[in-house]
Amino acid sequence: MVRKPLSKAGNKFLRKFRKWPHSPYKTSWHHNFCENQAMQFLKNSNFQFQSFNLYNKNNNNPFLLSTLLNSFKAYSIDPTPKAYFFLIKNLTQNSNFQDIFHVLNHIEHNEKFETPEFMLMYLIRFYGFADRVQDAVDLFYRIPRFRCTPTVCSLNLLISLLCRNRECLKMVPEILLKSRRMNIRVEESTFRVLIKALCRIKRVDYALKILNFMIEDGYGLDVKACSLIVSSLCEQIDLSSVEALVIWRDMRKLGFCPDIMDYTNMIKFLVKQGSGKDALNILNQMKENGVKADIVCYTIVLSGIVAERDYVKLDELFDKMIVFGLVPNIYTYNVYINGLCKQNKIDEAREIVASMEELGSKSNVVTYNTLLGAVCFAGDLNKARVLVKEMRLKGIGPNLHTYRIMLDGFVRKGEIGEACILLEEMLEKCFHPRTSTFDDIIFQMCQKGMFTEALGLMTKFVAKSFAPGARAWETLLLNSGSELQYSETTYDTLIIPEITQLSKLTES
DNA sequence: CTAGGGTTAG
């Protein structure tokens, strides 16, 4: 059989008989190879650039840009977006705004590739964090000029950057309008970004409005946005528990099914506002809706009930919780112990400590601070001393609160000697007493004729940048009349740090 | 896959 020459069969696409054979330079592996080589070259010269800080202004391009162009030219391929991204990342690391500007212009006017959106987003984010919000906004509007179709990703990014600052937030409406003209489809995520920002600047009312707009626009209820709103409740300063409950009820009416975290956040807010009863209601609501309350929820509600001093309900709920099979942990016990201490049932509280430790929950510094607070309040310093010894035996280190509680206990009873020993210890640990306590100590010392000691104490504390209150200064001044020999020199050392602090304030 | 979230403070 005579084989027809393939060339005449006309399969021009087989390499052997192609009219114009593939240039070996046009295959993709070769292109990749060249790109890698060019990139390597660029990276090496970047190293040079950084070590010698060369700035070769050929054809008006910054050094790195001209290196990029040259190295790609040397391999006869067009610079890739990847190469530019490498360049941009480098320039942002050195905050080289000038060169970034050049590179962007170059990409816009001299390149033809479609710039990947993530590259521009990287720069928008960079501008945002460098407090160059206007640059970020300008770049956003300029995205299409880089032959890139902006998506909601860029929009969300820009908005979240603007939302970091109250002033910039005002630009958001205009950007939303203009983004429509840029054919960006706003989506749920955009609203969520806005809601988050509004919650952060404590405008839940606006956040709720947006939530409602979303529903009107047919987006359906955004569960995440609801959670966001609930979780931000605790940060709202002037929101009453009544208002929060209305918001909660409205969202539930819209079909919001809270999860355990939403319930916990809501309960936390109510307890913080001092409405333990409402918190308990939410806990019950939770059960009705088939969400199992866990030990954390119970602990918060219990602490709310303690705050309301409803000790009958406290015992009731604690028992109920045990019946439900929940195991109290140290947090729960601390709340319960606090409840007992508030009723001055200190012995009972100590029994609880013993039994909880038998059950494997070790007491901690909070437990002891609670107990110490109670015994100091009752004025039983001996019991306080016993407790401190106990703490040491158990290896529980005192914290700032421990010292403050003890100090207040001693000062209330006029035990200035022991108070001073504590103060010394605090000074070593850089713990500051409450101003009023400190002033009280100075006052009591002066009354007992311990003027010199008081002055010494004051000097030591001021040196550790502690600021005594007006009362301490006043007391010292009033008592200094008979002891003028101290005042000249010692007051200088006392007052000078104060003055330098003041001048620092006026400078800034 | 599950943790997260929680306690005192004159």
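Because the structure is predicted, anything quoted here is derived from the model rather than measured. Every chain is numbered from 1 and lettered A, B, ... according to where its sequence line falls, protein lines coming before strand lines.
In this structure, the nucleotide among B:dG10, B:dG5, B:dG6 sitting nearest to the side chain of A:D408 is B:dG10. Among the nucleotides B:dT8, B:dG6, B:dT7, the one closest to any side-chain atom of A:N334 is B:dT7. Nearest nucleotide to the side chain of A:T370, out of B:dG6, B:dT8, B:dG10: B:dT8. Counting only heavy atoms from C-beta on, A:T299 has its side chain closest to B:dG6 among B:dG10, B:dT7, B:dG6. Ranking B:dT7, B:dG10, B:dG6 by closeness to the A:F377 side chain, first place goes to B:dG10. For A:M261, counting side-chain heavy atoms from C-beta on, the closest listed nucleotide (B:dT8, B:dG6, B:dG4) is B:dG4.
For A:R404, no side-chain nitrogen or oxygen approaches OP1 or OP2 of B:dG10 to under 4.0 Å. Checking the phosphate oxygens (OP1, OP2) of B:dA9, a side-chain nitrogen or oxygen of A:K342 falls inside 4.0 Å. A sub-4.0 Å separation between OP1 or OP2 of B:dG5 and a side-chain N or O of A:K268 is absent.
Electrostatic pairing of A:D347 and A:K383 counts as a salt bridge here, judged by a charged N lying under 4.0 Å from a carboxylate O. Here A:R412 does not pair with A:D440 in a salt bridge; the nearest charged N to carboxylate O distance is not below 4.0 Å.
With hydrogens and angles disregarded, a donor-acceptor distance shorter than 3.5 Å links the side chain of A:T264 to the backbone of A:I260.
Looking at heavy-atom distances under 4.0 Å, A:V335 makes contact with sugar-phosphate atoms alone, never a base. Counting any heavy atom pair closer than 4.0 Å across all strands shown, A:I260 reaches a base atom.
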Could you please spell out the steps behind the side chain to side chain contact (heavy atoms under 4.5 Å, CB included) verdict for A:F191 and A:L211? CA-CA 8 Å; A:F191 290 117; A:L211 192 72; over 6 Å; no
